[in-house]
Amino acid sequence: MANNHRTVKNVTHGVWVRICTACARHLFPAQLRMPFYKMMGMHIGEGTKIAATVDVDQSAPELITIGKNVWVTRGVMLLCHQRDLSQYEVGKPVMDCDLVYKPIVIGDGAHLGIGSIIMPGVTIGEGAVIGAGSVVTRDIPPYCVAVGAPAKVIRNFDKQ
């Protein structure tokens, strides 16, 4: 019985997250989207804007924390889970590997460029700029520009 209750709870949560996602994708301006992302479980600071076409990990939106005054541009993907390939071997289906969930933290004033992908377990520092199309697989320090796949720091800004 406990397993059925958990399944019903998971399905209900999944439906709720998808409803919130659909609402957020169709609202304009960006400020109207924020309550729906928060209802999904995301933690979002004041002044943050999330574009309509951002893909949020629907299986664990509560693992996403976005600071104040962050701009998440079109086509960004925020992923909180991935396959654990530590036990993967030839002949074994990848889908048989367990999922690993890790949080994403995006610092105040950061900017995520168009089409960037933020992988599980990544922290992006305050004021960091992620270039368009970048794949962020590791933590990015504050006040820098990171680009590429995987993303690498190409410029640092001095804090005044």
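Within the 4.5 Å cutoff, side-chain heavy atoms of Val56 are placed close to those of Tyr37. Side-chain contact check for Met40 versus Glu62: every heavy-atom pair is 4.5 Å or farther apart. The shortest side-chain heavy-atom distance between Pro142 and Phe157 does not fall under the 4.5 Å cut-off. Between Arg155 and Val153 the shortest side-chain heavy-atom distance does not fall below 4.5 Å. Side-chain contact between Asp57 and His81: present, with at least one pair of heavy atoms (C-beta onward) separated by less than 4.5 Å.
Taken to the nearest 0.5 Å, the NZ atom of Lys102 stands 11.5 Å off from the OG1 atom of Thr123. In this structure, the separation between CG on Asn69 and NE2 on His111 is 13.5 Å, given to the nearest 0.5 Å. Separating the CG atom in Asp108 from the CD atom in Glu46 is a distance of 10.5 Å, to the nearest 0.5 Å. Here Cys97 contributes atom SG and Gln82 contributes atom CD; the two are 11.5 Å apart, rounded to the nearest 0.5 Å. If you take CD on Gln58 and SG on Cys80, they are separated by 11.5 Å, rounding to the nearest 0.5 Å.
Linking ILVMFWY residues whenever their side-chain heavy atoms come closer than 4.5 Å, directly or via other members, places Val145 and Tyr143 in the same cluster. In terms of hydrophobic clustering, with Ile, Leu, Val, Met, Phe, Trp and Tyr side chains grouped at heavy-atom distances under 4.5 Å, Val70 and Met34 are assigned to a common cluster. Residues Phe36 and Val54 are members of separate hydrophobic clusters, defined by side-chain heavy-atom contacts under 4.5 angstrom among Ile, Leu, Val, Met, Phe, Trp and Tyr. Residues Leu78 and Leu63 fall into different hydrophobic clusters, defined by Ile, Leu, Val, Met, Phe, Trp and Tyr side chains chained together at heavy-atom separations under 4.5 Å. Residue Leu99 is not grouped with residue Leu85 when hydrophobic side chains (ILVMFWY) are merged at heavy-atom distances under 4.5 angstrom, including chains of intermediate members.
Taking each heavy atom of Val122 and Met119 in turn, the nearest pair found is CG2-O, 3.3 Å. Trp71 and Ile50 make their closest contact through CZ3-N, 4.0 Å (heavy atoms, listed as atom of the first residue, atom of the second, distance). Considering all non-hydrogen atoms of both residues, Thr48 and Lys68 come closest at OG1-C, 3.6 Å. The minimum heavy-atom distance linking Ala110 with Ile106 is given by the pair CB-CG2, 3.7 Å. Scanning all heavy atoms of the two residues, the minimum distance from Ile130 to Ser116 falls at CG2-CB, 3.9 Å. Taking each heavy atom of Val17 and Pro61 in turn, the nearest pair found is CG2-CG, 4.1 Å.
In the displayed structure, Lys38 atom NZ is contacted under 6.0 Å by more than 12 heavy atoms of other residues, nucleotides or ligands. Enclosure of atom CZ in Arg83 by more than 12 non-hydrogen atoms of other residues, nucleotides or ligands within 6.0 angstrom is indicated.
Partner of Ile118 under the side-chain contact (heavy atoms from CB on, under 4.5 Å) criterion, chosen from Val135, Leu79, Leu112, Ile64: Leu112.
Between the side chain of Asp55 and the backbone N or O of Met77 there is no donor-acceptor pair closer than 3.5 Å.
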